[in-house]
Participant: 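The following block contains the structure, expressed as structure tokens.
One-based numbering along the sequence shown. Start at 1 and go down the list; that is how both ligands and their atoms are numbered.
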Amino acid sequence: MKNIFDLSGKRVLITGSGRGIGFLLAKGLGDYGAEIIINDLNQEVVVQAVEQLKSHSIVATGIAFDVSDKKQVVDSLYQIESEIGAIDILINNAGIQRRHSLIEFPEKDWDDIIDINQKSVFLLSQEIAKYMIPRGKGKIINICSMQSELGRETITPYAASKGAVKMLTKGLCVELAKHNIQVNGIGPGYFDTEMTKALVNDEAFSSWLFTRTPAARWGKPEELVGAAIYLSSSASDFVNGHIIYVDGGILASI
Ligand code: NAP
């Protein structure tokens, strides 16, 4: 029987995949047969991530660029498409977090969050659509968050950006579905990564999180891989405009 989750012959660009969730998704999709293109800001980080994937017999290349810079996005996607090959799946994963109270939130931090978390999704999706539409196929997966649905003290701009990514996912679906392009999102709950290190190390926060989360624990980043394989594979060819929340049940409870 055909394996509907098989990703052999598929090429995936994952933004911000030099480390953290992006790298784990790269490893997980690579294990299912996908060819991986790593992206990160830093060339050294890209090279190291590519080497690690290759050591697991995954076909991988990489390209450093800033996802919030339109010229770099346009030039880099052109370079990938013309020199490496067609991008079948784009995962918009790059993201940042900055924590301040509302009153003290610096305008520069707001701008960075909106540019990197939100504008980048628009820029990359707009550009990749120019290649995917003539091919009549493609998949875009946007990494959202529980904060696409919920607010929380000190991270109002982050929540605003992730709420926008949820709506970008729906808007892109509406515009692209007729071209056989599926646009879906994955909304991680609280995962133990570099981004959340300060919270993981904060005992008071962790014990609050365990009472707030029905699964009563932090998520392990590798637990996001199943949703990414599903949304990258032919198993999800008629699934469009949805967000899969992988959150240990947080959004199901008050
Ligand atoms: P992370 O460990 O901080 O990794 C983020 C990656 O994005 C880093 O490799 C970073 O590169 C890269 N990056 C940052 N700005 C970039 C830019 N302008 N251009 C290209 N790459 C850039 O974060 P993570 O926890 O893996 O998060 C990944 C995604 O999941 C984010 O969208 C985040 O909002 C989302 N998320 C995470 C959690 C969680 O619990 N961790 C929960 C919900 C959603 P540098 O290292 O060079 O800065």
Participant: Starting from atom 43 (C) of ligand 1, find the nearest protein heavy-atom neighbour and note its residue, name and distance.
Facilitator: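 It is Pro188 O, 3.4 Å.
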Participant: So is Thr15 in contact with ligand 1, going by heavy-atom distances below 4.0 Å?
Facilitator: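 No, that is not the case, since the closest heavy atom of the residue is not under 4.0 Å from the ligand.
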Participant: Go through ligand 1 atom by atom and flag the ones less than 4.0 Å from a non-hydrogen atom of Phe65.
Facilitator: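 Checking each atom against Phe65, I get 19 (N), 20 (C).
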Participant: For Leu13, which of Asp88, Ile91, Ile37 qualifies under side-chain contact (heavy atoms from CB on, under 4.5 Å)?
Facilitator: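 With Leu13 as partner, Asp88, Ile91, Ile37 yield a single side-chain contact (heavy atoms from CB on, under 4.5 Å), made by Ile37.
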Participant: Hydrogens and angles aside, do Ser125 and Asn92 bring a side-chain donor and acceptor to less than 3.5 Å of each other?
Facilitator: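 A donor-acceptor contact under 3.5 Å links the two side chains.
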Participant: Tell me which protein heavy atom sits closest to atom 40 (O) of ligand 1, plus the residue, atom name and distance to 0.1 Å.
Facilitator: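 Nearest neighbour among protein heavy atoms for atom 40 (O) of ligand 1, to 0.1 Å: Phe191 N, 2.8 Å.
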Participant: Would you say the side chain of Val225 lies within less than 4.5 Å of the side chain of Asp31, judging by non-hydrogen atoms?
Facilitator: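 Side chain of Asp31 against side chain of Val225, heavy atoms only: no contact under 4.5 Å found.
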Participant: Would you check if there is a donor-acceptor pair between the side chains of Ser253 and Arg212 at a distance under 3.5 Å?
Facilitator: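 Indeed, the side chains of Arg212 and Ser253 share at least one donor-acceptor pair under 3.5 Å.
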Participant: Looking at atom 13 (N) of ligand 1, what's its closest protein heavy atom, distance included?
Facilitator: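 I find the closest protein heavy atom is Ala94 CB, 4.2 Å.
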Participant: Does any N or O of ligand 1 fall below 3.5 Å from an N or O anywhere on Asn93, backbone included?
Facilitator: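 Yes; at least one N/O pair falls below 3.5 Å.
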Participant: Can you name the nearest heavy-atom pair linking Gly18 to Ala49, along with the distance?
Facilitator: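 Answer, listing the atom of Gly18 first, then Ala49: O-CB, 3.9 Å.
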Participant: Inspect the contact between Glu222 and Lys27 and indicate whether a charged nitrogen and a carboxylate oxygen are less than 4.0 angstrom apart.
Facilitator: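 The answer is no: the pair does not qualify as a salt bridge.
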Participant: Closer than 4.0 Å to some heavy atom of Gly20 - which atoms of ligand 1 meet that?
Facilitator: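 That gives atoms 2 (O), 26 (O) of ligand 1.
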Participant: Going by the angle between their ring planes, with limits at 30° and 60°, are Tyr190 and Trp208 parallel, tilted or perpendicular?
Facilitator: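 Aromatic pair Tyr190/Trp208 classed perpendicular.
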Participant: Identify the closest protein heavy atom to atom 7 (O) of ligand 1: which residue and atom is it, and at what distance?
Facilitator: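 That would be Gly16 CA, 3.4 Å.
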Participant: Report the relative orientation of the aromatic rings in Tyr230 and Phe5; use parallel for angles under 30°, tilted for 30 to 60°, perpendicular for over 60°.
Facilitator: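 Ring orientation, 0 to 90° scale: tilted.
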Participant: If you have a sec, work out which protein heavy atom is nearest atom 19 (N) of ligand 1 and how many Å separate them, to one decimal?
Facilitator: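 Protein heavy atom at minimum distance: Val67 N, 3.1 Å.
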Participant: Quick check on Phe23 - does any of its heavy atoms sit under 4.0 Å from an atom of ligand 1?
Facilitator: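 The answer is no, since Phe23 has no heavy atom less than 4.0 Å from ligand 1.
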Participant: Determine whether the side chain, the backbone, both or neither of Lys162 has a heavy atom under 4.0 Å from any heavy atom of ligand 1.
Facilitator: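 Only the side chain of Lys162 comes within reach of ligand 1.
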Participant: Could you tell me which atoms of ligand 1, counted from 1 in the order shown, lie closer than 4.0 angstrom to a heavy atom of Cys144?
Facilitator: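 Once the distances to Cys144 are compared, the set is 44 (C).
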Participant: Can we say Glu81 and Arg135 salt-bridge, meaning some charged N sits less than 4.0 Å from an Asp/Glu carboxylate O?
Facilitator: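 Yes, Glu81 and Arg135 are salt-bridged.
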Participant: So which heavy atom in the protein is nearest atom 18 (N) of ligand 1, and how far is it from that ligand atom?
Facilitator: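 In this structure, atom 18 (N) of ligand 1 has Asp66 OD1, 2.9 Å as its nearest protein heavy atom.
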Participant: Could you establish whether Gly189 and ligand 1 come within less than 4.0 Å of each other, counting only heavy atoms on the residue side?
Facilitator: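 It does, in that a heavy atom of Gly189 comes within the 4.0 Å cut-off of ligand 1.
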Participant: Please list, in number order, the atoms of ligand 1 under 4.0 Å from a heavy atom of Ser145.
Facilitator: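 Those atoms are 43 (C), 44 (C).
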Participant: Of Arg19, Met146, Lys119, which has the heavy atom at the shortest distance from atom 4 (O) of ligand 1?
Facilitator: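 Minimum heavy-atom distance to atom 4 (O) of ligand 1 goes to Arg19.
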Participant: If we set the cut-off at 4.0 Å for heavy atoms, which region of Asn39 has an atom near ligand 1: side chain, backbone, both, or neither?
Facilitator: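 For Asn39, the contact with ligand 1 is made by the side chain alone.
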Participant: Could you check if a side-chain atom of Leu124 sits within less than 4.5 angstrom of a side-chain atom of Val67, using non-hydrogen atoms only?
Facilitator: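 In short, these two side chains touch, coming nearer than 4.5 Å.
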Participant: Show which atoms of ligand 1 fall inside a sub-4.0 Å distance from at least one heavy-atom site of Tyr158.
Facilitator: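 With Tyr158 as reference, the close atoms of ligand 1 come out as 33 (C), 34 (O), 35 (C), 36 (N), 43 (C), 44 (C).
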Participant: Please state which protein non-hydrogen atom is closest to atom 14 (C) of ligand 1 and give its distance, to 0.1 Å?
Facilitator: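 Looking only at protein heavy atoms, the one closest to atom 14 (C) of ligand 1 is Ile96 CG2, 3.9 Å.
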Participant: Provide, to 0.1 Å, the distance between atom 11 (O) of ligand 1 and the closest protein heavy atom, together with that atom's residue and name.
Facilitator: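 For this ligand atom, the closest protein heavy atom is Asp40 OD1, 2.7 Å.
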Participant: Against heavy atoms of Thr196, which atoms of ligand 1 measure under 4.0 Å?
Facilitator: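 Close to Thr196: 39 (C), 40 (O), 41 (N).
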Participant: As an exercise, identify every atom of ligand 1 less than 4.0 angstrom from a heavy atom of Ile143.
Facilitator: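 The list of qualifying atoms is 29 (C), 30 (O), 35 (C).
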Participant: Pick one of side chain, backbone, both or neither for how Ile116 approaches ligand 1, counting any non-hydrogen atom pair under 4.0 Å.
Facilitator: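 Near ligand 1, Ile116 shows its side chain, while the N, CA, C and O stay back.
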Participant: I'd like to check which ligand 1 atoms, numbered from 1 as shown, lie under 4.0 Å from a non-hydrogen atom of Glu194.
Facilitator: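 Counting atoms of ligand 1 from 1, those under 4.0 Å from Glu194 are 2 (O).
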Participant: Just to be sure I'm reading this right: ignoring hydrogens, which of Leu41, Thr193, Leu25 gets closest to atom 41 (N) of ligand 1? Compare them by their nearest heavy atoms.
Facilitator: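 It is Thr193 whose heavy atom sits nearest to atom 41 (N) of ligand 1.
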